[in-house]
Amino acid sequence: MLKPRLDIFGTTIGLVLLVSLSLNFFSGGYNQFETEKFHKAIQQCEGRFTKPYRLDPTQRNFNPRVKVHGLKAGVPKLIKNALLLDGDGTLSKQKMDIYIKNGIISNVHEAESIESAYFQQSFNIVEVIDAQGHIVSPGLVEMHSHAGICSQPELKGVNDMFELMSPVTPFTRVIDAFNIGDPAIQLIAKGGVTTSLVLPSANLISGEGYAFKMFVPPSSSAEDMLVQYHQEHLPNQGQRQRWMKMACGENPKKRYISRPEAPKSRMGLGYLFREYIHRAELLRDEQDEWCDNVARRHLPTNPFPYSVELEILVGLLRGQVQSNAHCYETFDIETLLRHAKEFGFQVDALHHALDAYKIPQILKNLPWNITVATFASLWGFKKEAFQASLFSPAILEKNDINVVLTTDHPALPGHTLNFQAQIAHNYGLSKEKAFSSITGQAAIGLGLDDRIGFLRKGYDADIVIWNKHPLEPGSTPLSVFIDGETIMSLNITKEFHEKKLGNRIKSNFTRNGESSDQFIITGIEKSFMKGIEKIDSDPYELLVADGHIKCFAKSCKNYTTNHYELISVENGALLPGLTALTESHGLVEMQSEQSTGDGDSRSIEGFEVLKAKDGLHLQSEHLKRAYNSGVLRIITPPFRSEGKKFITGVSTSFNSNAQDLSGILKQEVALHITLGDMGKEDMTPTISSQISTLRDLLYKNLFSENTFGEVARGVLPLAVHVNSKDVLLHLIKLKKELKLNVIVIGGLESHLVVDKLKAENIPVVLKGWACQRKFWDERRCLTGVGGEVSLLQNLTREGITVGLGYPEDLDVRLALDYCASAASFGGLSESEAVNLLSYNVDKIFNLKSENQSFIVLEGSPTNYDSNIAVIVENGVITRMYPELEPL
Ligand SMILES: *[C@@H]1O[C@H](CO)[C@@H](O)[C@H](O)[C@H]1NC(C)=O
Ligand SMILES: *[C@@H]1O[C@H](CO)[C@@H](O)[C@H](O)[C@H]1NC(C)=O
Ligand SMILES: *[C@@H]1O[C@H](CO)[C@@H](O)[C@H](O)[C@H]1NC(C)=O
Ligand SMILES: *[C@@H]1O[C@H](CO)[C@@H](O)[C@H](O)[C@H]1NC(C)=O
Ligand SMILES: *[C@@H]1O[C@H](CO)[C@@H](O)[C@H](O)[C@H]1NC(C)=O
Ligand SMILES: *[C@@H]1O[C@H](CO)[C@@H](O)[C@H](O)[C@H]1NC(C)=O
């Protein structure tokens, strides 16, 4: 488990030389001054060989970090009756008692055992927490975060994650920028993440990252947040773990596009990288030469060769610093490994690495254990992310490659790290590895598995009590402890009973019956289709012929005079086809590559009304995946990058399986506009100019036969992408004035105007079930963690018509995973959850729900173990057990 590092430099010989030298030197007859200089020189020379220190948890009874929590910290506590889910993903069979003291786990014993009773006698417990059979785990470990250097809400004043002085900035350090005032730190902790490696972003050689506990101490000191805080905390030998960040591919290539001297191609990046490592090599050799002189008792006249600029790279070459490389494509990974071989350093972790699953053999052949710190859900938005697979963590696991999952907060919300593990598990990563990938394996990846990532005797007492299994939909922490101190605690009101965890991987599908139009499906227990709802679990039969549902009953034999194909499913559930509002489905394939479709409407200035129907590009990979995930219908406004465009244009609705324009279901669905910070552009740089421009456009066209006229007369809905409460107030006022048919999209602060939305009958399409208060306009959204109700729950309870949208287009293929999470975070029934993704969206956009197109699931739409068995379109079977990633 402990990760040995390669000793590539044969350092022991040098060390022996120095030690023997210092012994015989100090016995010689030199004066005091020279002795001091020599002493310092010897220390500097020995420093070349110190390696990151490793603790021995079995010998540990004190965590120095306990001091940062205040005077009363470290008192003995007992968490009793815990189902212990450890950092290797194993779940205890019995309930356990966990003893905490001095910031570490003092002991773990089986609950109600003699050992536990005996240990308790001498423990002087101050606080007892009864976990009542709930799952208790080590705190989650995030291996790739930007918390503290990209504070939320994002403001220019505190966005420090990009250093743009040059593509090569090995000398920059996260600790110099880390803002303890970033509120995301607390939110991340409430999501159960107790340690985050915060890395600088984007540059070819980006700088030094630091690992922080997600607890802001009373001292308000960033250094007090370091896992390995303060120099005095280090044992006599060894240095702290250090993490260097680098990046390959599109990020460093594109970021300096306007700088003539910076590289624009991977060849240029390769040169610059090698040049810098070579300079570090020369400095290292200079140091070694200097130290050889010291060893020969010739104190050089020049000082120890040192460079702030190259210092960390020399550390990398000496095996004292771990390297973490953001690299996606297989050839980028190979290039980096080529450089590593040339200069003799180790690539400890590949980050993002969405294509690593394609080259397991190359990774396995390395002489060290490489970590792939990746995402489960990301795909498709740029070229280097386009080859990704939902099955990649599972493929890496099969090849014995260490998988760690990350959020890259704020790219994904840091407090939803366990969702990444859920998705990876849903698509084949074993439940043990899935949980380990955000705890123990991540700690191993950091080289901190001697103190975090596991819930064992001697480890830091970073502990989470979960409301349910962390791999189940909607799981959130009830209590979080860091260094044994309570960071968050909700009442544990009832006994927890573990459920069997399933996933969406079924090995034995039979694929037949495609294109059938006369068929009977047996074994359907539930139906969420309007008109034929059913929730008891009696198996029913569904008979479809001539494009229509002819019978849905216990037995449909009475109708079977002709030949019908018989399909039997298990735990069948009949669902309407899902409808998704997307950003770019059917318009562009990769959002960052304008050649892959219609283009970026943001590049067009002014208030011209673009229509998505005029730019459709069908049969794309995004559409295929949507369709095979049960999302049969799409609504898309003209695409604009980063969601920024005041008059966005008119959306169109079409069948995700459409081959040509006859697949358009409704040519013009709604006029989309963007109000708020995202709508600020040259001609509407303020909210007031946005509102007055909109008012003018509508009044001026009130009687015109054009889009603004239709909107002004309430014929065409006005779909407003807006989050801010204050902007919502202006919108509602305008709606009242003009009797507009308004739809709110985003609506992250809509709970703050919920009464007015209800009074005006304004529906809301939320972008997912989570939010992270990323921007100023959404800083007050309800996250649903730490005992707070979620926005979804607030709005549905208040009787607002809510449709579920997706945070990003890549999430559309996870529609069923979103359905399950939304049900849990919204406190919704199965049918309410299904409605959020189907009928409600149809109703909000005034689309006719088609009930001859539907999907049949095996399992419940609110569980992670269901699969699509059949997709039917206009009464014809088009897919059986569809491939999520059709070739
Ligand atoms: C890699 O990990 C395996 C299993 O954890 C371990 O046995 C092996 O020694 C490690 N190899 C190296 C080079 O660290
Ligand atoms: C937790 O339980 C205690 C005692 O039963 C009660 O006083 C307190 O209000 C509860 N807190 C919450 C947040 O429900
Ligand atoms: C698949 O199903 C068939 C028939 O039910 C069975 O004979 C076979 O063993 C199954 N294969 C696997 C790999 O489960
Ligand atoms: C189908 O749609 C029609 C009209 O919207 C509705 O009356 C009917 O109940 C729906 N359900 C079925 C199963 O036909
Ligand atoms: C099928 O026929 C039987 C006998 O005629 C009758 O009792 C039953 O109700 C019929 N079922 C349906 C679904 O019509
Ligand atoms: C929704 O949020 C608003 C604003 O915070 C609050 O007044 C209202 O009580 C909440 N409703 C529910 C059901 O949580």
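Start at 1 and go down the list; that is how both ligands and their atoms are numbered.
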Contacts satisfying disulfide bond (SG atoms under 2.5 Å apart) that involve residues 746-807 (not counting sequence neighbours) are C771-C781

Please output the side-chain donor-acceptor pairs of residues 755-769 that fall under 3.5 Å, not counting sequence neighbours, one pair per line with the distance.
{"from": "K758", "atom 1": "NZ", "to": "E798", "atom 2": "O", "distance (Å)": "3.2"}
{"from": "K767", "atom 1": "NZ", "to": "E583", "atom 2": "OE2", "distance (Å)": "3.4"}

Using a strict cut-off of less than 4.0 Å between a Lys/Arg side-chain nitrogen and an Asp/Glu carboxylate oxygen, indicate whether D56 and R451 qualify as a salt bridge.
-> no

Between K433 and D400, does at least one N-O distance fall below 4.0 Å, as a salt bridge requires?
-> no

Is there a donor-acceptor pair under 3.5 Å between the side chain of S821 and the backbone N or O of Y818?
-> no

Mind checking what makes salt bridge (charged side-chain N to carboxylate O under 4.0 Å, His left out) contact with E830, not counting sequence neighbours?
-> K526

Ligand 6 N/O to protein N/O, distances under 3.5 Å:
{"from": "ligand 6", "atom 1": "2 (O)", "to": "N794", "atom 2": "ND2", "distance (Å)": "2.3"}
{"from": "ligand 6", "atom 1": "11 (N)", "to": "N794", "atom 2": "ND2", "distance (Å)": "2.9"}
{"from": "ligand 6", "atom 1": "11 (N)", "to": "E798", "atom 2": "OE2", "distance (Å)": "2.6"}
{"from": "ligand 6", "atom 1": "14 (O)", "to": "N794", "atom 2": "ND2", "distance (Å)": "3.1"}

Atoms of ligand 1, numbered as shown, that sit under 4.0 Å from any heavy atom of P367 | 13 (C)

Is N369 in polar range of ligand 1, meaning some N or O pair under 3.5 Å apart?
-> yes

N/O donor-acceptor pair under 3.5 Å between Q422 side chain and E472 backbone | yes

